[in-house]
Amino acid sequence: MRLFYMQGGGFLKVRSSLVQSLLAALGLPEDERDLVERGLIQPPDPEMGDIALPCFPFASILKTSPHNIAKDAASKLMQDPFIERLNPQGPYLNIFLKRSKVIPVVLMEILEQSDSYGRQNLGKDEVIVIDYSHPNIAKPFHFGHLRSTNIGADLARILDYLGYRVFRKNYIGDWGTQFGFVIYAWQKYGDEKILEERAVDYLVELYIRANKETESDPKIHEEAKSLFKRLEEGDEKLTALWKRFRALSIETYEKTYARLGVEFDSFEGEAAISRKVDEVISRFQKAGVAIESENAIVVEVSDVLNREIAPCMLRKSDGSSTYAARDCAEAIARWEDHKFAANMYVCSRQEDHFAQVFAALKKLARAENWEYDWSDRCENISFGYVRGMSTRKGSAVWLGEVLEEARDRARAVRLAKETSNPGAFPRLTSEQLDRISESVGLAALLYNDVSASRMRDLDFDWDTVLRFDGNTGPYLQYTYARIAGVFRKAEGGDYSEDSDSVERADFKLLTTEEEWSLVLAVREFPKAVLQSGRKREPHEIAGYLQNLAMKFNNYYGAHRILNVEHKSLSKARLGLLKAVQNILGLGMNLLGISALDVM
RNA sequence: GCGCCCGUAGCUCAAUUGGAUAGAGCACCGGACUUCUAAUCCGGAUACUGCAGGUUCGAGUCCUGCCGGGCGUACCA
């Protein structure tokens, strides 16, 4: 953790200098570095200072009052090159930074490091396995699945940025009784032509149809179960059918993923692991962890979890294995393959299930006396429920549908703006309009998912999900495109030279409050990424970017960039814009939102 | 019954993990485009942070008990 602050660069020059000076001024040993580092906050009012250190935590160490600590440290702190003035207020040590010194240093860091600004080595190249999206073949890929897919993809990118080697796993639901239903309906109604045309959508229909029939004829349930059993036993014809269904489904999913900009390293799902399940179950039994109960094989976990909870069932009374057993086997395989620093399941509403699985593994670890109990590294990244989309009532909104609607609305908005405000927007070819509409619509959707912290429930509502102004993805895109527009103008005008050599600008010329506030904001980016990764919370980045974009638009409205009194001032402002644009682009990229030069 | 999550402005959400005067966006009202993209900006009103206790220098945040909502509760995955 300390490593990344020390590795030069980063937020880094200013911050590490400051922390060093503070340690000395407070008379604290190097060990307390983290306490100081993490204690730094932004004062509620910029009038108070640029950075503040509440001194309460040091009172017990230094054996004097926070008030005295702040006052005392203030008198010893002047020698830091980045400090302008100190303003101790009671227990708070408020610091005003020397803007003329800080601004060039911060902006140069960003411009030099560009694409890698904020990249950190928190992970030290350790592996994180992250399991997300995991659609259930034969069940519809509806809007609700977007959350797991999106949150998982975001976290994967964020953790990668923090220096982990991320293994993206799409543990698809390609095994289980639902296949019995699909096969049953296929044998009864299957139509080759429709299958080729509509692929997975058709399989879903078959599944729903078989399910409906079960309501009036319970025998179908038995039929489906026995079909699945035959599949499990390796029936050749059924296996061939299953392989085909699976391949078709993955093909369809991959199209959707490509559209969303989401990637995976593996699509191996439940079917792949099911071969190892029996072995794992007997391992649980041999270790004395799993017991027989009501003809089933279960692991009692209420003792580990210290609460009343159903046991983790590994085998049902009819002899077939459960998905909990598959998850146990899968986790074991993941550890053997990756020796992960974390094994994450981005999955909603299954807290009990994962608690059971992790606890069962913990019991196995104890019984078998593992050298390292990695069950502690398994995490369920849960998230809120998307309301208003129950599959059973048939009111599910399919993801594809939402994507189309998003694109169409984005296009309509753009066209309306053009007519109400002619000349204000760049002309677009129809290809550009298509591409941009797709991208803006997607940005609205993806951003909506992370616009609140992940545990919050969301109501599905077209007008909420597809908003384009205010706290939205398109707002970020718009801000980025505005900056790109300025650079286009600069290159076309008297600034062609200046716009590609902004790093040689004289940043001391940036003296307005808005510029200072922007510099303070861009500097917080690495911290936001770090927090976001630690909390497994993409929303953290969304909130940060929103704030940055708001500060920029405020600046943009208050000051001109080009054609100001002195050309050198324009050049310095272009440098600031480049830095802001760079950060916006990096952050949007982490959220899977494309940065557009024109919109 | 038990477990997990959520409760903050009319609505949707923040609040640097226990820090100073609880902030944004939508909606509403009033302003700003012959010069860098008005999907924008500026100004205005709106809060007993569900309720009651407790912990301490300090609580929206932590602990306890209620109230309201969501989800789950061994043979569906």
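Remember, it's a predicted structure, so these values are computed and weren't measured experimentally. Values reported hereafter were calculated over all heavy atoms of this structure, with side chains retained and with hydrogens, waters and symmetry mates removed.
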Expressed in angstrom and rounded to an integer, what is the separation of A:Glu308 atom CD from B:rG1 atom C1'? 8 Å
Can you tell me how far SG of A:Cys312 sits from NZ of A:Lys363, rounded to the nearest 0.5 angstrom? 10.5 Å
Which nucleotides of nucleotides 10-18 of chain B have their base under 4.0 Å from a protein heavy atom (B), which only their sugar-phosphate (S), and which neither (-), written as one string 5' to 3'? ---SS-BB-
Determine the contact category for A:Asn380: base if any of its heavy atoms lies under 4.0 Å from a base atom, sugar-phosphate if only primed atoms, P, OP1 or OP2 are that close, otherwise nothing. nothing
Whole-Å C1' distance, B:rA39 and B:rU34: 23 Å
Give me the distance, rounded to whole Å, that separates B:rG25 from B:rG19 when you measure between the P atoms they each carry. 24 Å
Hey, is the side chain of A:Lys316 poking within less than 4.0 Å of OP1 or OP2 on B:rA77, counting only N and O atoms? yes
Spacing of A:Ile483 atom CD1 relative to B:rC36 atom P, expressed in whole Å: 16 Å
With a 4.0 Å cut-off on heavy atoms, is A:Asp597 in touch with a base, just the backbone sugar-phosphate, or nothing at all? base
If you measure from the ring centre of A:Tyr385 to the centre of the six-membered ring in the base of B:rG70, is it under 5.5 Å, with the planes under 30° apart? no
Tell me what A:Lys489 touches on the nucleic acid: a base, only sugar-phosphate, or nothing, going by heavy atoms under 4.0 Å. sugar-phosphate
Measure centre to centre between the rings of A:Phe56 and A:Tyr92, then say whether the value is under 6.0 Å. yes
I'd like to know if A:Glu294 reaches the base of B:rA74 with its side chain, counting only an N/O donor and acceptor under 3.5 Å. yes
Residue pair A:Asp318 / A:Ser320, side-chain donor-acceptor N/O under 3.5 Å: yes
Is it the case that more than 12 heavy atoms not belonging to A:Asp461 sit under 6.0 Å from its CG atom? yes
Determine the Euclidean distance between corresponding P atoms of B:rA45 and B:rC33; express it in Å to zero decimal places. 24 Å
Check the distance between B:rC76's P and A:Phe179's CZ and give it to me in whole angstrom. 18 Å
So, under a plain 3.5 Å distance rule, would you say the side chain of A:Asn94 forms a donor-acceptor pair with the base of B:rA20? yes
Spacing between A:Ile561 atom CD1 and B:rU37 atom C1', to the nearest angstrom: 13 Å
State whether a side-chain donor-acceptor pair under 3.5 Å links A:Gln477 with A:Tyr447. no
Wobble G-U and Watson-Crick pairs count when both distances are under 3.5 Å; given that, what is the 5' to 3' dot-bracket string of RNA chain B, with | for pairing to other strands? (((((((..((((.....[...)))).(((((.......))))).....(((((..]....))))))))))))....
Could you measure between the two C1' atoms, the one in B:rU16 and the one in B:rG53, and give it in whole Å? 29 Å
Here the distance between atom P of B:rC4 and atom CD1 of A:Ile309, to the nearest Å, is 9 Å
Polar side chain donor-acceptor pair, A:Asn211 to A:Tyr207, under 3.5 angstrom: yes
Pick the P atom in B:rG7 and in B:rU49, then give their distance to the nearest Å. 15 Å
Indicate whether OP1 or OP2 belonging to B:rC36 is found under 4.0 Å from a side-chain N or O atom of A:Asn563. no
Could you tell me the separation between the CZ atom of A:Phe358 and the P atom of B:rC4, rounded to a whole number of Å? 16 Å
Using a cut-off of 4.0 Å on non-hydrogen atoms, how would the nucleic acid contact of A:Phe56 be classed: base, sugar-phosphate, or nothing? base
Nearest-Å distance for atom pair CG/C1', residues A:Leu576 and B:rC36: 14 Å
Distance-only side-chain donor-acceptor flag, A:Asp278 / A:Ser321, under 3.5 Å: no
B:rU73 and B:rG10: how far apart are their C1' atoms, nearest whole angstrom? 37 Å
Report yes if at least one side-chain N or O of A:Tyr475 is closer than 4.0 Å to OP1 or OP2 of B:rC41; otherwise report no. yes
Separation between the P atoms of B:rC6 and B:rA24, rounded to whole Å: 25 Å
By nearest-heavy-atom nucleotide on RNA chain B, the more 5' of A:Pro311 and A:Cys55 is A:Cys55
If you compare every side-chain N and O of A:Arg349 against the phosphate oxygens of B:rG72 (OP1, OP2), does one of them come in below 4.0 Å? yes
Could you tell me whether A:Gln546 contacts a base, only the sugar-phosphate backbone, or nothing, with contacts defined as non-hydrogen atoms closer than 4.0 Å? nothing
Is A:Arg414 close enough to B:rU37 that one of its side-chain N or O atoms is under 4.0 Å from OP1 or OP2 there? no
A:Tyr184 and A:Glu213: side chain donor to acceptor below 3.5 Å: yes
Whole-Å C1' distance, B:rC71 and B:rA32: 48 Å
Taking the side chain as C-beta and beyond, is there a heavy-atom pair between A:Leu548 and A:Phe525 under 4.5 Å? no
Taking the six-membered ring for Trp, are A:Tyr345 and A:Phe358 closer than 6.0 Å centroid to centroid? yes
Under 3.5 Å, is there an N or O donor on one side and an acceptor on the other linking the side chain of A:Thr177 and the base of B:rC76? no
Check whether any side-chain nitrogen or oxygen of A:Tyr323 sits under 4.0 Å from OP1 or OP2 of B:rA77, and answer yes or no. no
Name the residue closer to the 5' end of RNA chain B, choosing between A:Ala296 and A:Val486 according to the nucleotide with the nearest heavy atom. A:Val486
